[in-house]
**Student:** 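The structure that follows is given in the form of structure tokens.
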Protein chains: 2
Amino acid sequence: MKVARQPNLEPMPEDTEAKIFRAAEEEFVARGYKGARMQHIADQAGINKSLLHYYYRSKEKLFRAVFSKTAEKVFPKIPKMWGWDVPLIERMERFVDGYIDILLKNPMLPSFVMHELQQNPGQLVSMFGDLLSFPFQKVKEEILRSMESGEIRKTDPEHLLANVVGLCVFPFVARPMLEKVTGMSKEEFDQFLIDRKQHVKEFIHRALAP
Amino acid sequence: MKVARQPNLEPMPEDTEAKIFRAAEEEFVARGYKGARMQHIADQAGINKSLLHYYYRSKEKLFRAVFSKTAEKVFPKIPKMWGWDVPLIERMERFVDGYIDILLKNPMLPSFVMHELQQNPGQLVSMFGDLLSFPFQKVKEEILRSMESGEIRKTDPEHLLANVVGLCVFPFVARPMLEKVTGMSKEEFDQFLIDRKQHVKEFIHRALAP
DNA sequence: GTCTATATAGGGATAGAC
DNA sequence: GTCTATCCCTATATAGAC
């Protein structure tokens, strides 16, 4: 008689599929779709190239699997960070906090998204455009209301969106040049990115205060 | 007896080398180094692939030629835009104006630079890091002075640099996603980018006003 | 200088043994 | 499931005729 499989209390040694997945994640994020090499992924996973095709039929399918998971993990957090129960400026501050926290945990993600956005805009936009555009419409309405009530200055909501996201994302994408220009070391720049949460919040706060 | 060559009053028909160069410029900026195809460049220039190698020995050399020129045309303008004879906030406004003007004329350039910066940071940084870091030091000193004199609020100069450049550059890089999320058409987004000069200037002005 | 033809290399994908 | 061997396409680069 078969014994029922025990639930995974101890972490199992990573199975092949998971190893491939994790290796692919690194490779794609680091080098983009075109730059990624199936051979590198196989090497990193410690297996043969053919096995990649056994588990995921093609590079394209592997990419979709990896990126769907990564993005589904990250993107849905974005609208949720927007707390709905406090004044608008405080909500934006929470958003900045949560957003930069995600970026600190996934520092290569912005460059990756920017790159794929240029090389293959349709794919990303079709996957996540709708997911993000509905929350934006809700936020936009609130911004307009807060402007009416005098809580914040009159500002174009589309520009405000670009400002907030851009202020958070840009240092991650432009890191090598910023390091050189400012003369910061790796460690100093890491600290700079952590400090950035506070700075961006204050910067936006001042710009929006009536 | 040979007659001296007339100066080029009339534009000469573009010679092969120039045609190749211009075609390569488009291809590399649009698709990045890895994505670029020698065949596309040859087609666009209306010549054979082999001629590319006759004029420029390899893809790598062609890339360096093209990008050195493009970047040498654009980067040195950046420190020059900083007028030295007016109050600090006005200088920053001039900088934003001039910088966004450059981007409007080269809308694909930011994505290209971001991408190469990630794939091959050393190359770009070594070419232009020094060129930009000296002006930054001068600007930083002035920012600190203006903070002392109370002309602007106390702000960290490194963060301020990231803010100003990021606010200008980000919409160009994230364009496809921003179009989708905001629901803007191509034409509306073009106008958005033009309006952005004014918006960014005001945003920075408010954030820095004492 | 410009072309055709071809060499060479790299990478994704498949066949088939075990 | 995992490996070895190989196919096949694409892309850079070169040889050589004109």
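What you see below is based on every heavy atom in this structure, not just the backbone, and it leaves out hydrogens, waters and symmetry mates. Fair warning: this is a prediction, and the values are worked out from it, not measured in the lab. Labels below follow one simple rule: chain letters A, B, ... track the order of the sequence lines, proteins then strands, and each chain is numbered from 1.
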**Student:** Are the side chains of A/Leu193 and A/Pro171 in touch, meaning some heavy atoms are under 4.5 Å apart?
**Tutor:**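 SC-SC contact between A/Leu193 and A/Pro171 confirmed.
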**Student:** Quickly work out the A/Met38 CE to D/dC7 P distance and round it to whole Å.
**Tutor:**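 Atom-to-atom, A/Met38 to D/dC7, this comes out as 20 Å.
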**Student:** Just the atom pairs and distances: protein N or O near nucleotides 14-18 of chain C's N or O, under 3.5 Å.
**Tutor:**
unit_1	atom_1	unit_2	atom_2	d
C/dT14	O4	A/Ser50	OG	3.1

**Student:** Roughly, in whole Å, what's the span from CZ in B/Arg37 to C1' in D/dT12?
**Tutor:**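 Rounded to whole Å, this separation is 10 Å.
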**Student:** Rounded to the nearest angstrom, tell me the gap between atom NZ in A/Lys59 and atom P in D/dC9.
**Tutor:**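 In whole Å, D/dC9 P and A/Lys59 NZ are 18 Å from each other.
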**Student:** In whole Å, I'd like the distance from the NZ atom of B/Lys34 to the C1' atom of C/dG10.
**Tutor:**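 Taking NZ of B/Lys34 and C1' of C/dG10, I get 13 Å after rounding.
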**Student:** Any side-chain to backbone donor/acceptor pair from B/Asn106 onto B/Leu109? Under 3.5 Å, distance only.
**Tutor:**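 Absent.
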**Student:** Which part of the nucleic acid, if any, lies within contact of A/Ala42, taking any heavy atom under 4.0 Å across all strands shown: a base, the sugar-phosphate backbone alone, or nothing?
**Tutor:**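 Nothing: the residue A/Ala42, judged by heavy atoms under 4.0 Å, touches no strand.
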**Student:** Looking only at side chains, do A/Gln191 and A/Glu187 share a donor and an acceptor under 3.5 Å apart?
**Tutor:**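 No - no donor-acceptor pair under 3.5 Å links their side chains.
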**Student:** Go through it in stages, so that I can follow the logic: the residues are B/Phe67 and B/Phe112, the test is ring-ring contact (aromatic ring centres under 6.0 Å, His included), and I'd like the CA-CA distance, side-chain angles, deciding distance and then a yes or no.
**Tutor:** CA-CA 10 Å; B/Phe67 187 62; B/Phe112 174 72; 5.1 Å; yes
**Student:** Mind calculating the distance between CZ (B/Arg31) and P (D/dT12) to the nearest angstrom?
**Tutor:**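 In whole Å, D/dT12 P lies 11 Å from B/Arg31 CZ.
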**Student:** For the pair made of CD1 in B/Ile41 and P in D/dT10, what is the distance, rounded to whole Å?
**Tutor:**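 In whole Å, D/dT10 P and B/Ile41 CD1 are 18 Å from each other.
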**Student:** So B/His115 and A/His115, would you call those rings parallel, tilted or perpendicular, with 30° and 60° as cut-offs?
**Tutor:**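 Rings of B/His115 and A/His115: parallel, under 30°.
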**Student:** Taking atom C1' of C/dC3 as reference, at what distance in whole Å does atom CD1 of B/Ile20 sit?
**Tutor:**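 Answer to the nearest Å: 13 Å.
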**Student:** Starting the side chain at C-beta, find the nucleotide from D/dA11, D/dA13, C/dC3 nearest to B/Ile47.
**Tutor:**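 Nearest to the side chain of B/Ile47 among the choices is C/dC3.
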**Student:** Rounded off to whole Å, could you give me the CG-to-C1' distance for the A/Leu52 and D/dG1 pair?
**Tutor:**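 For the pair A/Leu52 CG and D/dG1 C1', the rounded distance is 13 Å.
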**Student:** For the residue pair A/Lys59 and A/Tyr33, would you count it as a cation-pi contact if the rule is NZ or CZ under 6.0 angstrom from the ring centre and within 45 degrees of the ring axis?
**Tutor:**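 Pair A/Lys59/A/Tyr33 counts as cation-pi.
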**Student:** Verify the contact: side-chain N or O of B/Tyr55 to OP1 or OP2 of C/dT2, cut-off strictly under 4.0 Å; return yes or no.
**Tutor:**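 So the side chain of B/Tyr55 is within the cut-off, an N or O lying under 4.0 Å from OP1 or OP2 of C/dT2.
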**Student:** In sequence, state the C-alpha distance, the side-chain angles, and the governing distance for B/Asp101 and B/Lys197, and then conclude on salt bridge (Lys or Arg N to Asp or Glu O under 4.0 Å).
**Tutor:** CA-CA 8 Å; B/Asp101 273 337; B/Lys197 286 203 286 194; 2.8 Å; yes
